[in-house]
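Just so it is clear, the structure is predicted and the values come from calculations on it, not from any experiment.
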Amino acid sequence: MTTLDFAITMTNIRDEYVEQAEEWKTPKFGRSMIYVKVASIFLMVGLLGALLFRGKNQDGLMGPLSVSAEELGMEEYTFGVALPKVIYGDDNIVIMYDFRGIFVYDLSEEKLVGYADFRPINMTMIQGDDPTFVEASVDGKYVKFYNSNQRYLYNVSLNELESVDDYTEIDDVFIPCSIDTVSYNDPNSLSMDYETYQVNDGSFVAVILDYDFAAGAEMIRYKNMHLIRESEDGKQEYIIFQ
């Protein structure tokens with residue numbers, strides 16, 4: 001709903017109830033109920049406007065990062081479902097994805113700086129029939145994700161998402177990033193339970209669950225996912241969704 005549509009709707013509602021208020025001859029109690037109903041309608045319209053505004057950038061475009069890392073962190077993780085897969089990494093950012101969407105984590109700022117949500121566009125199937133395929137470019141600037149019916153291009157630095165008919169415009173500059181995994185018995189493996197990736201800058205990263213399975217007192221949530229990175233500067237652990 002645009003600002004113009006919103007204004008027209010508000011005007012129509014106002015005129016309608018002004019005319020009805022002049023025509024209706026109701027007792028004091030009846031008029032009070034009418035006022036309550038009118039107030040309720042204005043409140044609902046206001047809330048709708050607030051929801052439409054939320055998640056938009058200054059250009060009025062709906063941005064993919066529409067929720068905070070804290071909100072994502074409270075979402076339930078079902079044990080046994082694949083953890084986010086790393087598709088790009090350097091000394092600045094790590095790009096991952098799972099069935100919920102694409103996550104961009106900034107290592108220097110130690111926070112989530114990008115998120116493209118798969119759920120509103122019905123692309124959560126990353127396995128099975130007609131899965132969503134996800135590819136990062138070798139420079140970490142773009143991420144393609146597509147299935148047989150839909151194609152999207154995610155601009156990492158701008159945190160912007162675009163629906164495209166094809167990728168011909170970027171085919172000349174989009175070189176797919178190839179990430180190697182490390183076997184569990186390799187000296188560079190960061191965990192015996194979770195997959196380790198060697199990323200573009202030569203460092204090693206892994207997404208793990210920081211959760212006391214023996215206690216089992218709390219539901220496993222995305223906030224329990226941590227990122228471990230080992231480079232020449234040593235090993236560091238990051239909380240992805242906080």
Side-chain angles (χ1 to χ4, degrees), residues 57 59 61-65 82-183 186 188-191 194-208 225 227-233 236 238 240:
N57 59 27
D59 297 325
L61 301 174
M62 187 65 72
L65 189 60
L83 290 171
K85 180 178 180 180
V86 175
I87 54 175
Y88 177 84
D90 57 29
D91 57 354
N92 293 312
I93 62 170
V94 175
I95 305 175
M96 320 156 254
Y97 80 94
D98 68 2
F99 74 96
R100 277 185 165 88
I102 299 164
F103 312 106
V104 182
Y105 189 84
D106 188 297
L107 297 168
S108 59
E109 296 186 22
E110 298 190 15
K111 68 178 184 179
L112 192 72
V113 295
Y115 172 53
D117 197 342
F118 288 168
R119 291 171 291 184
I121 50 179
N122 298 318
M123 296 189 71
T124 58
M125 295 293 294
I126 59 175
Q127 294 179 337
D129 296 335
D130 193 21
T132 295
F133 295 97
V134 185
E135 301 175 31
S137 61
V138 72
D139 56 9
K141 293 182 178 180
Y142 298 98
V143 178
K144 296 178 182 178
F145 62 97
Y146 53 91
N147 58 23
S148 61
N149 299 312
Q150 301 181 83
R151 293 173 180 80
Y152 285 87
L153 182 65
Y154 175 55
N155 187 314
V156 175
S157 60
L158 298 179
N159 190 36
E160 289 184 354
L161 191 63
E162 180 184 4
S163 175
V164 297
D165 294 328
D166 53 53
Y167 296 109
T168 54
E169 291 187 5
I170 64 165
D171 278 344
D172 293 338
V173 296
F174 190 101
I175 302 172
C177 179
S178 177
I179 298 291
D180 294 326
T181 57
V182 176
S183 63
D186 189 285
N188 293 308
S189 177
L190 299 177
S191 171
Y194 305 102
E195 201 159 30
T196 298
Y197 304 84
Q198 184 172 19
V199 295
N200 299 51
D201 66 339
S203 63
F204 298 89
V205 298
V207 179
I208 68 166
M225 292 184 189
L227 178 69
I228 299 177
R229 179 175 182 267
E230 185 170 31
S231 65
E232 295 179 351
D233 298 326
Q236 187 168 350
Y238 306 85
I240 304 172

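Applying the salt bridge (Lys or Arg N to Asp or Glu O under 4.0 Å) test to Glu109 and every residue at least two apart in sequence or in another chain returns Lys111. Tyr238 meets the ring pair (Phe, Tyr, Trp, His ring centres under 6.0 Å) test with Tyr105; sequence neighbours excluded. Residues meeting the side-chain hydrogen bond (donor to acceptor under 3.5 Å, both in side chains) test with Ser157, sequence neighbours left out: Asn155. In terms of the side-chain hydrogen bond (donor to acceptor under 3.5 Å, both in side chains) criterion, Tyr142 has no residue partners (sequence neighbours excluded). For Glu230, the side-chain contact (heavy atoms from CB on, under 4.5 Å) partners are Leu190, Lys235, not counting sequence neighbours. Residues satisfying the side-chain hydrogen bond (donor to acceptor under 3.5 Å, both in side chains) test with Ser163, not counting sequence neighbours, are none. For Phe174, the ring pair (Phe, Tyr, Trp, His ring centres under 6.0 Å) criterion is met by no residue, not counting sequence neighbours. Residues satisfying the salt bridge (Lys or Arg N to Asp or Glu O under 4.0 Å) criterion with Asp201, sequence neighbours excluded, are Arg229. Asp139 is linked by a side-chain hydrogen bond (donor to acceptor under 3.5 Å, both in side chains) to Ser137, counting only residues two or more places apart in sequence or in another chain.
With values rounded to the nearest 0.5 angstrom, Ser189 atom OG is found 12.0 Å from Gln198 atom CD. Going from atom CD1 of Ile228 over to atom CD of Gln236 covers 11.0 Å, rounded to the nearest 0.5 Å. The CD1 atom of Ile102 sits 15.0 Å away from atom CZ of Arg100, with the distance rounded to the nearest 0.5 Å. Atoms CD1 and CD1, on Ile208 and Ile240 in that order, are 9.0 Å from each other to the nearest 0.5 Å. Rounding to the nearest 0.5 angstrom, the gap separating the CG atom in Leu227 from the CG atom in Leu83 is 11.5 Å. With rounding to the nearest 0.5 Å, the separation of OH in Tyr146 from CD in Glu135 is 3.5 Å.
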Review item, side-chain donor-acceptor pairs of residues 86-97, under 3.5 Å, at least two apart:
unit_1	atom_1	unit_2	atom_2	d
Tyr88	OH	Asp90	OD2	2.6
Asp90	OD1	Asn92	N	2.6
Asp90	OD1	Ile93	N	2.8

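Gly101 and Tyr115 make their closest contact through CA-CE1, 4.3 Å (heavy atoms, listed as atom of the first residue, atom of the second, distance). For the pair Ala82 and Asp98, the tightest heavy-atom approach, listed with the atom from each and the gap, is O-CB, 4.4 Å. Nearest heavy-atom pair across Asn159 and Gly114 is OD1-CA, 3.5 Å.
Remark: side-chain polar atoms of Thr132 are paired, donor with acceptor, to backbone N or O of Met123 under 3.5 angstrom.
Using a 4.5 Å heavy-atom cutoff, the side chains of Gln150 and Ile121 are in contact. Residues Phe99 and Gln127 form no side-chain contact, since every pair of their non-hydrogen atoms from C-beta on lies 4.5 Å or further apart.
By the neighbour-count criterion of 12 heavy atoms within 6.0 Å, atom CG of Asp165 is sparsely surrounded, having that number or fewer from other residues, nucleotides or ligands.
For residues 167-177, the pairs satisfying side chain to side chain donor-acceptor pair (under 3.5 Å) are Asp166-Thr168, with sequence neighbours left out. Among pairs with a residue in residues 118-131, those fulfilling salt bridge (Lys or Arg N to Asp or Glu O under 4.0 Å) read Glu75-Arg119, Asp117-Arg119, at least two apart in sequence or across chains.
Note: Phe118 and Phe145 have tilted aromatic rings, judged against thresholds of 30 and 60 degrees for the angle between ring planes.
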